[in-house]
Amino acid sequence: MSVLRRYTLAFLLMALSLPLISYGASVGMVVAWAAGLGMLFGGGLVPPAVRFAAEDPDAI
């Protein structure tokens with residue numbers, strides 16, 4: 001998987017998590033709220049993981 005695809009995945013996870021968190025909080029659906037927080041957390045971890053796993057960190 002290329003670096004661009006990883007960053008795109010991170011963006012999509014974070015972008016889709018916000019409406020899910022909002023919906024879960026407004027309806028009182030804990031599963032949706034927790035899934036949204038998990039997506040937000042996972043999307044936030046992708047960029048540092050890409051940077052940490054890079055063969056040459058200065059090339060990114």
Side-chain angles (χ1 to χ4, degrees):
M1 184 181 274
S2 70
V3 174
L4 181 61
R5 284 187 183 219
R6 290 178 185 166
Y7 284 136
T8 303
L9 174 66
F11 173 73
L12 288 175
L13 282 173
M14 294 179 84
L16 294 175
S17 71
L18 297 177
L20 194 58
I21 292 170
S22 177
Y23 175 76
S26 64
V27 174
M29 197 171 167
V30 177
V31 175
W33 183 79
L37 280 179
M39 289 171 59
L40 185 63
F41 184 72
L45 286 178
V46 170
V50 168
R51 180 78 177 179
F52 181 71
E55 292 176 14
D56 184 15
D58 294 328
I60 295 178

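Closest approach of Leu40 to Ile21, counting heavy atoms only: CD2-CD1, 4.1 Å. Annotation for Pro47 and Gly44: closest pair CD-O, 3.7 Å, computed over non-hydrogen atoms. Residues Gly43 and Ala10 come closest through the heavy atom pair O-CB, 3.5 Å. Across every non-hydrogen atom of Gly42 and Leu13, the tightest pair is C-CD1, 4.3 Å. Ser17 and Gly36 make their closest contact through CB-O, 3.2 Å (heavy atoms, listed as atom of the first residue, atom of the second, distance).
In the hydrophobic clustering of ILVMFWY residues, with side-chain heavy atoms under 4.5 Å counting as a link, Trp33 and Met29 come out apart. Following chains of ILVMFWY side-chain contacts shorter than 4.5 Å, one cannot reach Leu16 starting from Tyr23, and the two form parts of different hydrophobic clusters. Residue Leu18 is not grouped with residue Leu12 when hydrophobic side chains (ILVMFWY) are merged at heavy-atom distances under 4.5 angstrom, including chains of intermediate members. The hydrophobic cluster containing Val50 does not contain Met39, counting ILVMFWY residues as joined when their side-chain heavy atoms lie under 4.5 angstrom apart, directly or transitively.
Considering OG of Ser2 and OH of Tyr7, their distance stands at 11.0 Å, rounded to 0.5 Å.
Judged by distance alone, with hydrogens and angles left aside, the side-chain atoms of Thr8 form a donor-acceptor pair with the main-chain N or O of Leu4 at under 3.5 Å.
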